[in-house]
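Single-structure report; data block below.
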Amino acid sequence: MSLQLQAQPLTAEFYSQPATTVARKLLGARLVRVLPDGTRLSGRIVETEAYSGIDDLASHGRHRRTPRNAPMWGAPGRAYVYLSRGLYWMLNVVAEPQDQPAAVLIRALDPLEGIDVMQRHRPDRKLAELTSGPARLALALSVTGALNTADMTQGAELWIEPDQTIPDSQVRTGPRIGLGKTPEPWLSMPWRWWVGGNPYVSARSGKRG
DNA sequence: CCGAGGATTATCT
DNA sequence: GATAATCCTCGGA
């Protein structure tokens with residue numbers, strides 16, 4: 001007899017919603033990573049970005065389907081992990097129904113479980129810099145291209161489960177980060193969501209509010 | 001504290 | 001050949 005219901009991974013049905021809806025609802029949820037040796041690492045999601053549709057000129061799905069971006073057209077709830085700048089892995093969750101290119105980038109975590117192991121993955125980093133950015137959290141949780149297309153609805157090595165609910169009064173939105181020369185209106189589209197005042201929101205995002 | 005520039009490589013034009 | 005959904009270090013104030 002458990003006194004409390006065990007949290008279950010978010011389902012494909014959840015991820016089938018519009019990427020913007022998924023991005024908002026993921027705030028406060030818990031990203032869980034189980035390492036090959038069984039170590040469990042987790043953190044609360046405090047910053048996300050939505051990339052949706054072939055119209056979105058900031059999205060990898062803006063052009064044709066290619067070997068790299070193909071996961072964005074795939075089943076909702078799978079991981080889309082790609083290498084940025086030849087150096088850093090970015091973790092996304094595929095959103096919206098099959099054949100619609102969309103994903104949500106996980107940009108920052110408030111660390112919960114396995115903080116000592118995360119710090120071992122990022123030697124000599126301050127706690128505040130452990131998971132405050134998409135590449136940082138990928139390093140802390142040992143997320144690499146090996147997890148590309150992994151099914152995040154199964155509770156195996158990587159998934160997201162409900163945890164806290166963040167009220168609208170604490171949610172902030174703004175333009176996405178690092179879009180370079182993406183034209184308007186996509187450059188300024190307020191498709192980034194974060195938890196106001198949370199210290200782990202990525203630095204370049206601006207933590208105002 | 002802040003801004004500039006380098007690292008490093010898969011991927012696409 | 002150019003670019004990229006970033007991070008880190010360094011130099012200057």
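Reminder, nothing fancy here: chain letters follow the sequence lines and each chain counts from 1.
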Worksheet item: When you check every protein heavy atom under 4.0 Å of nucleotides 3-8 of chain B, what one-letter string (B, S, -) results, 5' to 3'?
Response: ----BB
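- For residues 20-31 of chain A, the salt bridge (charged side-chain N to carboxylate O under 4.0 Å, His left out) pairs, not counting sequence neighbours, are A:R24-A:D168, A:R30-A:E113, A:R30-A:D163.
- The salt bridge (charged side-chain N to carboxylate O under 4.0 Å, His left out) analysis of residues 80-98 of chain A, with sequence neighbours excluded, yields no pairs.
- A salt bridge (charged side-chain N to carboxylate O under 4.0 Å, His left out) check over residues 118-131 of chain A, counting only residues at least two apart or in different chains, returns the pairs A:D116-A:R120.
- Clustering of Ile, Leu, Val, Met, Phe, Trp and Tyr by side-chain heavy atoms under 4.5 Å joins A:V32 with A:V34, A:W159.
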Worksheet entry | Per-nucleotide pairing state of DNA chain B [Watson-Crick or G-U, under 3.5 Å; [ ] pseudoknot-crossing; | other strand] | |||||||.||||.
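- Note on A:R64: every side-chain N or O is 4.0 Å or more away from OP1 and OP2 of B:dC12.
- For DNA chain C, none of the residues of residues 138-153 of chain A falls under the heavy-atom distance limit of 4.0 Å.
- Taking the side chain to side chain contact (heavy atoms under 4.5 Å, CB included) definition, one finds that A:N148 meets it with A:P71, A:Y80, A:V81, sequence neighbours left out.
- For A:E13, the side chain to side chain contact (heavy atoms under 4.5 Å, CB included) criterion is met by A:T11, not counting sequence neighbours.
- Sorted by first and then second residue, the salt bridge (charged side-chain N to carboxylate O under 4.0 Å, His left out) pairs with a member in residues 138-152 of chain A read A:R78-A:D151; sequence neighbours excluded.
- Among residues two or more places apart in sequence or in another chain, the side chain to side chain contact (heavy atoms under 4.5 Å, CB included) test is passed with A:L10 by A:F14, A:Y15, A:L26, A:I160, A:P162.
- The stretch residues 112-127 of chain A has no heavy atom under 4.0 Å from DNA chain B, so no residue of it qualifies as close.
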